There are 2 protein chains.
Amino acid sequence: MPRGKLILVGLGPGAPDQMTGRARQALAEAQVVVGYAKYLDLAGGLIAGKEVIRKGMTQEVDRCRAACQEARQGKTVALVSSGDSGVYGMAALAYELLLASGWRPGAEIDVEVVPGITALSACASLVGAPLGHDFCAISLSDLLTPWPVIARRLEAAARGDFVFALYNPSSGRRRGQLLAARAILLCQRRPDTPVAIVSDAYREGQAVALSTLDHLAACAVGMLSTVLIGNSNSFVAAGRMITPRGYDRKYAGLTGAVKAGERPGRSLDMGLAGFKACVRRHLDQAQGPGLEAVARHFDVPVAEILAAIAEAHGGAGGYAAEAVIPGREAEILQAARGWGRVRVGVESGNGARCELPIDGQDLDLRGDHLCLACGEARLAIDWRRVGHAWFLRHGRGQREAWFVDRAGDALCTLSLDPTDTDPIAHFERAWTHLAIARREP
Amino acid sequence: MPRGKLILVGLGPGAPDQMTGRARQALAEAQVVVGYAKYLDLAGGLIAGKEVIRKGMTQEVDRCRAACQEARQGKTVALVSSGDSGVYGMAALAYELLLASGWRPGAEIDVEVVPGITALSACASLVGAPLGHDFCAISLSDLLTPWPVIARRLEAAARGDFVFALYNPSSGRRRGQLLAARAILLCQRRPDTPVAIVSDAYREGQAVALSTLDHLAACAVGMLSTVLIGNSNSFVAAGRMITPRGYDRKYAGLTGAVKAGERPGRSLDMGLAGFKACVRRHLDQAQGPGLEAVARHFDVPVAEILAAIAEAHGGAGGYAAEAVIPGREAEILQAARGWGRVRVGVESGNGARCELPIDGQDLDLRGDHLCLACGEARLAIDWRRVGHAWFLRHGRGQREAWFVDRAGDALCTLSLDPTDTDPIAHFERAWTHLAIARREP
């Protein structure tokens, strides 16, 4: 029996000239072609005269099983998806089924994935250059994905200022998902954020509409539409939606002339290697805002600001900091027994700030929690969330310990009374013992 | 003079048979071909005999300007990118330059974007089906993007459990970005998360390596590599990396048989329309955990739990809730003057919880902040962050008002003393006046 082959072919958006050469060739090679009826129509003349297995829209498992069965009989089988087989197409399911049946490379049948132009590329090409910077693809279909998972992804990607490509945005039975997605995005993105709706890209009936996030609710969006939503820098001009890559950060007026402080072919001043120096310059100039405000200014976790201060021998903006030796964070609580009166500060990240003055003696871990009381007020901190800690000096005798979570966001701070000299000496001794020894320059 | 045309051609990964028909045709049409020298080599024989303008790697602005200039002379010009011109390619910059010079559709020159197979599709096809569910594309290059922007995107997408396609992960001068990205992802993703590194996809020297997030630091990753990082469900088997689409949520053992409670072709039980009922079933069964714990269980903002309770006439799990009329949230503070002793609760989202008992009379807005004191303890809440509010009843006489931010995360709660009947009557009156009137069934 000849060796079977399963080719997972991405047909691209639809027009034959948007298929790759390899996809055409794969269809030509195939003895059997399996797919959703509508996608088989896209392949048109390329599959004339072949054995064709047509299946309904939600019969993906059936389609895959039929294709695998044919391949096991020694045939070359093309299992087609529109767009890219690896992007919301049949490739993952086919591999899952194959692996569940014990398939291994070299055994039984060969498997090849032939990539195709996925909807995000096809649709973007018709509206300008909306994917000019980092983007995400999210399917709004809740036929296989719980809505909370989809909602969390929408919220996270909105927070990260990604361009969105929404696949399966709407269907006859699913109208609410797109409205719910819009509501989630509007929590973090401007109402006039550009939106492009592309339907039937590179097929008969192709339609492109530009709108805004605010007006998305009124737009015609169907099963064959893809919705592209801009990031905070996207704009529409002359009927085109563009997301700049950021050349104007480096080049003045897009003339090719490099801006002061930047070098062609090198990382930005605010790149990985340079941005901590930028943070220090900001601290030196701004003189005054707290670390949390500076962290918000740069949109980084506060640990990055602490690290930027710690990195420079002279500190920055009147601040000096050093990191606590990893794993010894809890010893700060023991040291704090000698710190006298301590203010414990907690910031919620969404606008609440709490301060409890307590005696350093009371900084006791009970199980996993640091439980504090001040009169009838209570504060409990889940100590398992502590990632790192820092010592900080600033202003007129201010001494603080900062505890941050693993992501670098502030969990709590301990501040000493700046007028009390004995505790300050205690604090300095703890710093000497528990901070990472600074390398001499 | 003939009309000029600028065609932004995506060449795909490299192999001629991975180009689309339209891309080949565009190169054939072009009188002038402009591009980075290395990409022009990919086009090989397709551009033989044409006027070719070769530029260096970081001379993108020069390339675009040269291409526009040629097109303005009435020529058909192909400006080539590898992969897809719209994805970290030349399309956005070309449009920016054209628009800055006053270009409008129909005027002067025509512009066409010809999509190509972008690296994420090409690379995924070589390792299995790693992009089987929602994914994001992030460039680690900080030549044009500040590192904090890149870091925030990495963190947000990790939080959203996206599959990652990292473009420009590393170069001779940029080695630290990939390590920093790994550290950010490890805050939220398992060390054994599958990683695929694909270098020179569909070109000479093609290399595919499978690894894990933990071991990524030791992998060979270069300028021509793309790094694919799995989500929490991705797995490696038989040398293939797969991210399941989720068929096993609906179909038992991938047999095609639909699981109990699910319907083929319809949204999941946990879909948009159904998940609030699932939340109520959970509340009914779990009996006990607070709303914040339930919100964490479903990984949704607490407002979704409150909405699920409010949606059912009988409430759920002993809870009853109703939404406050939008815009009237601050009136709750006035009503609370009659609530007697009130506990104000704030949860930080990263493990800190603070409770302040105060007198309802003291719930005064000062400017934008709700400033509270209990002895020497202080709590300040930024009132501008309030999005919605809810009334809640539960257990033995528990009465609460919940304030959430625009994303639906808890900002603070006000809890009454359950033993005090007069304040409870006050609370009930406020509920009647300020809650959205429930439609009778």
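Everything numeric here is computed off the predicted structure, so don't read it as measured data. Quick note on labels: first sequence line is chain A, next is B, and so on, each numbered from 1.
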*asked:* Under 4.5 Å from any heavy atom of chain B, what part of Leu370(A) do you find: side chain, backbone, both or neither?
replied: neither

*To the nearest 0.5 angstrom, please state how far the CD1 atom of Ile381(B) sits from the OG atom of Ser348(A).*
8.0 Å

_Nearest atoms (heavy-atom pairs only) where Val113(A) meets Gly128(B)_ = CG2-O, 3.9 Å

_Give me the atom names and distance for the closest heavy-atom approach of Phe162(B) to Ala157(A)._
CZ-CB, 3.9 Å

*Which bit of Leu120(B) comes within less than 4.5 Å of chain A, counting heavy atoms only: side chain, backbone, both or neither?*
side chain

*Calculate, to the nearest 0.5 Å, the distance between atoms CG and OG1 belonging to Leu131(A) and Thr118(B) respectively.*
9.0 Å

*So, Asp134(B) side chain and Ser139(A) main chain: donor-acceptor pair closer than 3.5 Å or not?*
yes

*Which answer fits Trp383(A), side chain, backbone, both or neither, if we ask what part of it has an atom under 4.5 Å from a heavy atom of chain B?*
neither

*asked:* Ignoring hydrogens, what is the shortest heavy-atom contact between Pro105(B) and Ala238(A)? Give both atom names and the distance.
replied: CG-O, 3.3 Å

_chain A contact via Val300(B) - which portion, at a heavy-atom distance below 4.5 Å_ = both

*Any side-chain heavy-atom pair of Tyr202(B) and Pro115(A) under 4.5 Å*: yes

*Is there a side-chain contact between Leu93(B) and Arg245(A) (heavy atoms, below 4.5 Å)?*
no

*Is it the side chain or the backbone of Arg173(A) that comes within 4.5 Å of chain B heavy atoms, both, or neither?*
side chain

*Could you tell me whether the side chain of Arg353(B) reaches within less than 4.5 Å of the side chain of Arg378(A), counting heavy atoms only?*
no

*Side chain, backbone, both or neither: which part of Ala180(B) has a heavy atom under 4.5 Å from chain A?*
side chain

_Within the structure provided, determine whether Tyr95(A) and Met241(B) are in side-chain contact (heavy-atom separation under 4.5 Å)._
no

_Partners meeting salt bridge (Lys or Arg N to Asp or Glu O under 4.0 Å) with Asp269(B) (sequence neighbours left out)_ = Arg281(B)

_I'd like to know if the side chain of Asp409(A) pairs up with that of Asn350(B) as donor and acceptor (distance under 3.5 Å, no hydrogens or angles considered)._
no

*Given a strict heavy-atom distance threshold of 4.5 Å, which part of Arg249(B) is in contact with chain A: side chain, backbone, both, or neither?*
side chain

_Using heavy-atom distances under 4.5 Å, tell me whether Leu99(B) contacts chain A through its side chain, its backbone, both, or neither._
side chain

*Taking side chain as C-beta onward, heavy atoms only, is Ile242(B) less than 4.5 Å from Glu96(A)?*
yes

*asked:* Taking the side chain as everything from C-beta on, heavy atoms only, tell me whether His133(B) gets closer than 4.5 Å to Thr145(A).
replied: yes

*Please state whether the side chain, the backbone, both or neither of Ser267(A) comes within less than 4.5 Å of a heavy atom of chain B.*
both

*Under 4.5 Å heavy-atom distance to chain B, tell me which part of Glu155(A) shows up: side chain, backbone, both or neither.*
neither

_Backbone N/O of Leu268(A) and side chain of Asp142(B): donor-acceptor pair under 3.5 Å_ = no

*Nearest heavy atoms of Arg385(B) and Gly349(A), plus distance in Å*: NH2-O, 3.4 Å

*Against chain B, label Gln25(A) side chain, backbone, both or neither, depending on which of its atoms sit under 4.5 Å from a heavy atom there.*
side chain

*Residue part contacting chain B, namely of Ile117(A), when any heavy atom lies under 4.5 Å*: both

*Which atom of Leu356(B) lies closest to which atom of Ala377(A), heavy atoms considered*: CD1-CB, 3.5 Å

*Quick one: are Phe275(B) and Pro148(A) in side-chain contact, heavy atoms under 4.5 Å?*
yes

*Where on Ala15(A) is there a heavy atom nearer than 4.5 Å to chain B: the side chain, the backbone, both, or neither?*
neither

*Compare all side-chain heavy atoms of Val87(A) with those of Phe135(B) and state whether any distance is below 4.5 angstrom.*
yes

_Candidate pair Phe298(B) and Arg152(A), rule side chain to side chain contact (heavy atoms under 4.5 Å, CB included), full reasoning_ = CA-CA 10 Å; Phe298(B) 285 96; Arg152(A) 177 59 73 194; over 6 Å; no

*Counting only heavy atoms closer than 4.5 Å, note whether Ala137(A) contacts chain B via side chain, backbone, both or neither.*
both

*Distance-minimising heavy-atom pair for Leu143(B) and Lys250(A)*: O-NZ, 2.9 Å

*Salt bridge present between Arg153(A) and Asp161(B) (N-O < 4.0 angstrom)*: yes

